[in-house]
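Residue numbering restarts at 1 for every chain, and letters A, B, ... go by the order of the sequence lines. For clarity, every value in this text was computed on a predicted model and none was experimentally measured.
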There are 2 protein chains.
Amino acid sequence: MSENSTRTAILQAGQELFGEHGYAAVTIKDVAARAGFSPAMVMKVMGSKAELYAASAPSAPVMDHDGVTDEPVGFQLVRRIVARRDRGEPEPWAMVPLLIRDAPDRVAASEEQRSRYVSRIAELIGDRSTHRHKAQLVVCTLLGLGSGLRTFGLLETQQVPSEALIKQYGTVLQSIIDAPAPADS
Amino acid sequence: MSENSTRTAILQAGQELFGEHGYAAVTIKDVAARAGFSPAMVMKVMGSKAELYAASAPSAPVMDHDGVTDEPVGFQLVRRIVARRDRGEPEPWAMVPLLIRDAPDRVAASEEQRSRYVSRIAELIGDRSTHRHKAQLVVCTLLGLGSGLRTFGLLETQQVPSEALIKQYGTVLQSIIDAPAPADS
DNA sequence: ATTATCTATAGATCTATAGATAATGC
DNA sequence: ATTATCTATAGATCTATAGATAATGC
């Protein structure tokens, strides 16, 4: 095993556990156990719990440009979140509020994640305004979908078929994207 | 001091601290210090940390029917969240995902908060369908606004005037409320 | 020889409890 | 006499470190 594959396993474990339970609720021992090493190994490789946490933030927060369909981008964004739910995969949009709140330095974490998410979304929807006002509205709307589906357990497939949900929430999102730019930005 | 006012002070402190930092990050000592008592007093009155936590959930989660204006309910809902931000008050919509994730029994907490929020919103918007599909969409949208403004620090007043935000996000929300009921509910 | 990993443990919390003291009501 | 509150502390973690052992490359 190279140091690098050990590091990767530890970061993977950290990402899963911190994303699910937050900073304080997860111990070095928990991460070590999931990664298959001793707690001491985790400390040696990562330095400290805070550094492990910082390094465990999901790296590709929003996109994994799979098949670029011809569907409007608002629908695509919603579709990805619903698909991750249906496949039981972790949801960055639901994890990130937890990561920010629990971070050892909350102001810095908030700042970093905000600019990361807003930039990514602004690029995707083609928002070139100074404050990226529309991108910020879109981020709000997607945070809500992530938390709603994954933390609250809203709109389960049995109640609302995934395609109906994508169509409905996608329409809402797309209407934000297509709205004429407001005066101030 | 009657036992009851002590209890109230402790619950108030618990609500503030747990809402801001989550379960594991807050200690009995922290709550005691904020409430102005010894840790032992907190334990005596509340029984255990888990009971303190359960009792600290925000009790009036959504509404404090202040002035019932003639504004459509979607705008009113958004207005309240924006007003709480501008006054620097705590935001239940941003706290509740954290409370659920960190709760000692997460499934139970999710279930409880979901039904509480969905019921309240369904009542407010007059959703009488079986699954309260629309109410669930509204809850998602409001969760997003809460997290976006308070956890991410999006759409600050300097960038987007509060009234403009209320108008824009309110329009989105109101369009969900006014949409014709979908076929399946 | 060097790198990867572990065991053992120090030192600092944290929750919870036991028992003492101060305040209150009769 | 009873209730409210505190001090002191036991017992159980948790992070972090020191030093030992096993694996690898030369």
| Heavy-atom closest contact (A:Asp127 atom, A:Ala135 atom, distance) | OD2-N, 3.0 Å

| Does the cation-pi check pass for B:Lys44 over B:Phe37, that is, NZ or CZ under 6.0 Å from the six-membered ring centre and within 45° of its axis? | no

| query | Does C:dT5 have OP1 or OP2 sitting under 4.0 Å from an N or O in the side chain of A:Thr6? | reply | yes

| note | Rounded to whole Å, the CE-P distance (B:Met41 to D:dC6) equals 7 Å

| query | Rounded to the nearest 0.5 Å, how far does CG of B:Leu145 lie from CG of B:Leu155? | reply | 8.0 Å

| query | Taking the inter-plane angle between the rings of B:Tyr117 and B:Trp93 on a 0 to 90° scale, is it parallel (under 30°), tilted (30 to 60°) or perpendicular (over 60°)? | reply | perpendicular

| task | Provide, to the nearest angstrom, the distance between the CZ atom belonging to A:Phe37 and the P atom belonging to D:dA22. | result | 18 Å

| note | Smallest heavy-atom separation, B:His21 atom then B:Leu98 atom, equals C-CD2, 4.1 Å

| note | Contact string for nucleotides 15-21 of chain C, one letter per nucleotide 5' to 3', B = base within protein heavy-atom range under 4.0 Å, S = sugar-phosphate only, - = neither, reads SBB----

| note | Heavy atoms of A:Leu173 and A:Gly74 approach each other most closely as CD2-O, 3.3 Å

| Straight-line distance of A:Leu149 CG to A:Arg85 CZ, nearest 0.5 Å | 5.0 Å

| query | Out of curiosity, A:Tyr53 OH to A:Gln15 CD, how far, rounded to the nearest 0.5 Å? | reply | 11.5 Å

| task | Please work out the stems of DNA chain D from pairs that are Watson-Crick or G-U wobble with both distances under 3.5 Å, keeping only runs of three or more consecutive pairs. | result | C:1-24 with D:1-24

